[in-house]
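For reference, the structure is listed below as structure tokens.
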Number of protein chains: 2
Amino acid sequence: MSQTSSPGPARMQKTSIATVCLAGTLEEKMRAAAEAGFDGIEVFEPDLVASPLSPEQVRDLAEELGLTLDLYQPFRDLEGVPEEQFQQNLRRLEAKFQLMRRLGVDLLLLCSNVGTATSWEDPVAVEQLRRAADLAAGYGIRIAYEALAWGRFVNTYEHAWSLVQQADRPNLGVCLDSFHILSRRGDVSGFREIPGDKVFFVQMADAPIMLMDVLSWSRHHRNFPGEGGFDLVTFMRELYATGYTGPVSLEVFSDVYRQTESVRTAREAMRSLQWLDDAQAGDTPAHPTGWDFAEVRAAEPSDLSEVLTQLGFADRGRHRTKDVHLFSAGAARVVTNDRTEAPLEHAGGSVIASVGLQVPDPRATAEHARALHFPKAWRANRADEMVLRGVQAPDGTEVFLAPTSADAPQWVGEYGERDAAPGGDVPGGDGLILGIDHVNLAQPWQWFEEGVLFYRSLFGLAAQVSNDVASPQGLVRSEVMRTPDGAVRIPLNLIPHGLDPGRSSDTRSVSGHVDHSELRLKAAYPQHVAFLATDAVEVARRARARGLRMLPVPSNYYEDLAARFGLDEGFLAELREHDVMYDRDEGGEFLHFYTRTVGTVFFEVVERRGGYEGYGAGSAPVRLAAQYDLDRQ
Amino acid sequence: MSQTSSPGPARMQKTSIATVCLAGTLEEKMRAAAEAGFDGIEVFEPDLVASPLSPEQVRDLAEELGLTLDLYQPFRDLEGVPEEQFQQNLRRLEAKFQLMRRLGVDLLLLCSNVGTATSWEDPVAVEQLRRAADLAAGYGIRIAYEALAWGRFVNTYEHAWSLVQQADRPNLGVCLDSFHILSRRGDVSGFREIPGDKVFFVQMADAPIMLMDVLSWSRHHRNFPGEGGFDLVTFMRELYATGYTGPVSLEVFSDVYRQTESVRTAREAMRSLQWLDDAQAGDTPAHPTGWDFAEVRAAEPSDLSEVLTQLGFADRGRHRTKDVHLFSAGAARVVTNDRTEAPLEHAGGSVIASVGLQVPDPRATAEHARALHFPKAWRANRADEMVLRGVQAPDGTEVFLAPTSADAPQWVGEYGERDAAPGGDVPGGDGLILGIDHVNLAQPWQWFEEGVLFYRSLFGLAAQVSNDVASPQGLVRSEVMRTPDGAVRIPLNLIPHGLDPGRSSDTRSVSGHVDHSELRLKAAYPQHVAFLATDAVEVARRARARGLRMLPVPSNYYEDLAARFGLDEGFLAELREHDVMYDRDEGGEFLHFYTRTVGTVFFEVVERRGGYEGYGAGSAPVRLAAQYDLDRQ
């Protein structure tokens with residue numbers, strides 16, 4: 001990332017990561033950081049204290065791994081205290097300077113006082129910071145002073161900078177931490193007041209927007225840039241405007257990443273900085289323009305064929321060389337497997353194994369995926385078959401890349417007895433089904449954040465505010481990733497812990513290729529493909545005539561609907577007759593119905609009237625209850 | 001619980017539970033509530049809407065199950081709105097009255113307006129509440145008005161009561177919800193202003209004390225009375241002082257209970273009301289007075305024997321008839337298995353299978369356990385052997401009950417070649433080990449709350465503030481349950497999700513007896529027995545001379561200790577030499593060391609100097625890292 005082309009936007013010069021971001025021992029953390037390509041690390045004191053490695057061994061290991069030790073952290077509760085206490089603090093500080101000398105670290109993170117300052121006068125703190133800096137100078141050490149969001153008296157970077165400025169020592173500067181600043185909705189335009197060479201260190205973390213005490217939020221729910229809701233792009237631009245050229249480091253306290261495999265986490269961390277650096281430079285990926293296909297694997301493929309045919313899909317035949325089958329309706333294409341897959345059969349489920357996205361330049365997207373170190377999705381192809389570039393999403397879903405096209409893609413010609421005419425008259429769907437509206441993917445808890453960054457960094461999809469859906473087996477957190485125009489929408493559903501099959505951390509593959517355990521995880525929870533129709537009721541009517549068994553919608557739902565919206569009775573009766581659900585908001589109306597599940601995969605048909613942009617408020621809990629109920633019959 | 005003895009304290013007359021507390025379908029929830037002995041339920045509207053049962057079928061099912069339908073809930077955003085909107089709201093309300101008539105429910109929960117009231121005048125709301133009540137009267141329906149903690153304008157019960165009083169209708173009263181009141185630190189002494197017959201309904205929930213927005217706190221983290229940190233005892237006393245004799249209902253929104261087996265959850269819910277009713281009546285259990293024994297099962301029992309012997313424990317021999325062995329040191333008694341247990345071997349772990357607690361009256365405690373429906377712990381005994389009464393804790397640990405005694409218990413005589421002399425000269429421990437200090441139990445996430453209520457309701461143990469401990473494999477939430485005098489201390493450690501082996505909800509046994517899967521869950525995480533010693537360093541010295549391999553403490557730990565406490569160098573060298581850890585607080589000092597693990601069980605020796613009441617701040621992460629490190633070698 002150390003690009004130095006001069007006229008373009010500023011770029012990250014050096015990457016770093018705090019050891020606290022990663023699981024495992026200090027040595028494992030260091031090896032993972034090096035493996036992921038970080039330039040340096042922050043040594044988090046509790047990791048060192050718990051390590052059997054001596055400071056000298058840590059220093060040697062870093063050198064061997066090509067890592068710089070950029071920062072020692074944290075030192076707490078130094079300043080703004082009575083003189084006698086400060087004397088003790090200086091002794092404590094000097095012990096750390098000696099330790100840092102052995103480590104070969106020359107920068108200390110000093111957090112603003114939380115615990116021991118009971119009354120406060122800026123001049124006292126300034127004088128004490130100055131004395132600490134002078135002591136540090138004797139060791140060749142610099143001090144980066146950081147305002148914790150929950151600091152007792154100093155809790156904004158502006159205040160910290162003011163004290164540093166007054167203390168006026170060359171080896172005293174500030175540390176800017178995106179969490180501490182943005183969690184308090186700080187104004188980053190104030191960075192401009194700080195000369196870049198007085199910014200001694202920068203720590204980046206993202207976080208979901210939550211309303212809780214900022215300490216707990218910080219200790220449990222930070223995540224990597226691009227995984228959360230902070231505006232880190234503006235943060236970086238304002239930072240670079242100061243002239244800062246030092247390391248950009250990650251400091252993420254996360255309940256999830258603390259218990260997931262460190263090499264994989266380190267890669268994700270590096271990727272988050274790559275995304276951030278590109279995003280702040282205005283280098284954002286081209287959005288996908290639409291869906292190419294969705295591929296479903298089921299333990300009982302014939303059940304899939306039946307449901308799709310009943311929905312009006314045309315059977316486009318078997319692939320020339322592979323055990324897969326194509327069904328189409330309008331621009332909606334669904335590929336199904338033709339034989340039972342043993343591992344899925346074992347899981348008793350089915351799975352959305354891959355999706356195809358149309359992008360303006362598949363080669364460029366594939367290269368971007370490689371630059372971000374997302375593993376390649378790989379399918380054996382014969383020489384005369386179209387090669388689809390693909391990339392593997394964190395949950396194991398393979399995402400294939402096709403060129404943007406209004407016509408049927410070339411690969412469709414590989415299906416069927418005779419050559420299909422590419423483009424032209426695509427049969428299926430009774431002219432009622434237009435294409436794929438959205439694909440809803442189940443996410444094991446270990447991979448949810450990575451999924452968000454995957455779709456954001458590679459495809460520029462934005463996360464909408466997440467919401468919780470009650471199911472009979474637990475709350476499901478759902479977050480929709482989508483393009484601004486809605487051409488591609490991917491709701492990611494976080495599977496409740498109770499449905500997590502097996503000790504999942506073991507199955508978090510580092511190798512990069514889909515393994516059965518990953519598919520097994522996904523197969524444990526319902527996923528679906530939703531098709532956009534011009535008339536959902538008519539699709540339902542015809543599908544039923546062809547024998548489709550809808551997911552039954554309880555009568556109570558329609559009574560509640562009547563109470564909520566005061567719908568026309570004839571319309572309500574029609575919805576009820578066909579198990580079609582309904583929602584309305586300021587934007588417009590939404591009609592949709594679900595098929596029964598095949599294993600754990602099902603289909604939905606949606607009709608969007610006016611500017612309705614949602615997914616049917618209140619219908620997901622009813623749907624989940626009905627699926628659960630059928631499962632148990 | 002419907003005891004009506006007149007002169008004693010007020011008692012709960014009727015129990016109820018909101019269907020939202022339980023997982024599953026509406027029918028499953030109702031059956032679970034009936035099975036657990038609840039008198040009635042609250043019908044939570046989303047559960048009805050998602051149910052295939054018609055209102056009439058729900059009514060009939062309730063009758064069949066002997067449940068009353070006490071409340072329909074919630075109705076939202078009625079009052080304090082412009083007239084036109086209110087007219088619409090009345091139509092929406094009337095539709096619900098018609099539904100309630102079909103259900104046979106005559107009480108509606110009305111929540112204070114959150115979404116649609118944009119300006120507020122009390123008289124407008126009063127008039128609208130009055131008109132709603134008058135409409136309800138025509139249906140024979142009563143309305144219980146509840147101030148939500150996050151209500152836009154009405155968010156205290158005092159305000160709700162003021163509006164109800166002014167509206168002055170016989171079928172309009174208030175609902176008191178412990179969460180909405182106590183989450184805002186409301187003063188329950190104000191209940192006295194409300195006549196008991198104007199309290200139409202009472203909803204109880206406990207919750208851990210957290211600092212987060214009250215809506216998220218309420219929706220995710222409520223738990224059952226006795227599992228959290230609210231003062232519900234005072235709440236109940238003040239409630240009864242109003243003369244209220246209606247149902248006491250549970251309304252718990254919990255991420256955990258939403259995904260655990262409903263019959264077991266309903267039992268836990270009922271137990272929480274039993275505890276609460278006893279506690280408010282001043283009927284609290286006698287505290288245990290000390291430890292009788294701890295029993296450890298390991299895949300390699302000979303390793304256990306070796307470690308205990310090295311610690312100075314005397315081998316008291318094999319049990320006359322069972323494959324178990326007794327070791328003792330002072331009053332510390334450890335029973336080990338003599339043969340490899342297959343399921344544990346499979347799990348690769350070991351487990352604290354049971355503990356013995358001394359209580360003033362074992363028979364009374366056993367009867368109390370039966371009244372609370374805790375499953376009995378059962379061991380086959382010969383006629384001439386002492387019968388230990390026992391009860392099974394939620395995590396599967398068996399807790400046996402012995403009479404309080406300063407002497408060695410009678411059952412000790414069942415061990416060894418010859419009859420052991422009960423009391424008298426108990427060998428072992430070199431006179432340095434006094435007894436068991438604490439037993440640290442790993443808790444799978446599904447059972448943590450139940451564990452808290454178990455030790456609180458049956459033994460009167462109180463929960464101390466929980467804290468999070470960083471381990472290389474995730475954060476561990478730890479909460480200490482203890483007697484006021486510290487005679488019995490049981491830290492409960494919540495296992496990180498990532499270490500949860502298998503789909504755990506399946507293993508949550510309803511049957512009541514320990515099954516292998518429960519042991520397997522526990523065996524996945526370190527647990528330990530800590531012994532209290534007069535001189536931890538001396539115990540360590542002698543143990544090492546006998547060949548004990550301590551858990552190694554990193555040198556960095558001692559350097560940090562030196563920086564923190566400025567300890568005498570000789571003392572520090574002694575600690576370091578024997579891998580003894582150290583802590584100090586206002587109360588006193590703490591010295592302790594750990595043995596290496598046998599499977600997943602290990603031992604600790606602690607020395608408490610002065611009034612030190614903790615467990616060694618900062619040592620747990622170091623210990624967990626060292627254990628993890630050894631595990632991977």
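This structure is a prediction, so every number in the text was calculated from the model and none was measured.
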Checking heavy atoms, do the side chain of [X], its backbone, both or neither come under 4.5 Å from chain A?
| X | value |
| --- | --- |
| B:Leu93 | neither |
| B:Pro552 | neither |
| B:Arg102 | side chain |
| B:Ser51 | both |

Looking at B:Leu624, B:Leu99, B:Val622, B:Val214, which has the largest count of heavy-atom pairs under 4.5 Å with chain A?
B:Val622
Could you walk me through whether B:Glu559 and A:Lys96 pass salt bridge (Lys or Arg N to Asp or Glu O under 4.0 Å), step by step?
CA-CA 9 Å; B:Glu559 293 183 23; A:Lys96 296 303 169 189; over 6 Å; no
Looking only at A:Tyr557, A:Trp217, A:Tyr558, most heavy-atom pairs under 4.5 Å shared with chain B are made by A:Tyr557
Pairs of heavy atoms under 4.5 Å with chain B: top-ranked of A:Glu94, A:Gln98, A:Arg91, A:Arg258:
A:Arg258
Please check: side-chain N/O of [X] versus main-chain N/O of [Y], any donor-acceptor pairing under 3.5 Å?
| X | Y | answer |
| --- | --- | --- |
| A:Asn556 | B:Leu48 | yes |
| A:Asp629 | B:Pro52 | no |
| A:Asp213 | B:Met212 | no |

Evaluate the side-chain proximity of [Y] to [X]: yes if any heavy-atom separation is below 4.5 Å, no if none is.
| X | Y | answer |
| --- | --- | --- |
| B:Gln259 | A:Leu475 | no |
| A:Tyr628 | B:Glu28 | yes |
| B:Asp468 | A:Arg219 | no |

Can you tell me how far the CZ atom of A:Arg92 sits from the CG atom of B:Asp560, to the nearest 0.5 Å?
10.0 Å
Which heavy atom of B:Ala23 sits nearest a heavy atom of A:Pro472, and at what distance?
CB-O, 3.4 Å
Contact summary for A:Ala50 and B:Ala625, nearest pair of heavy atoms:
CB-CB, 3.7 Å
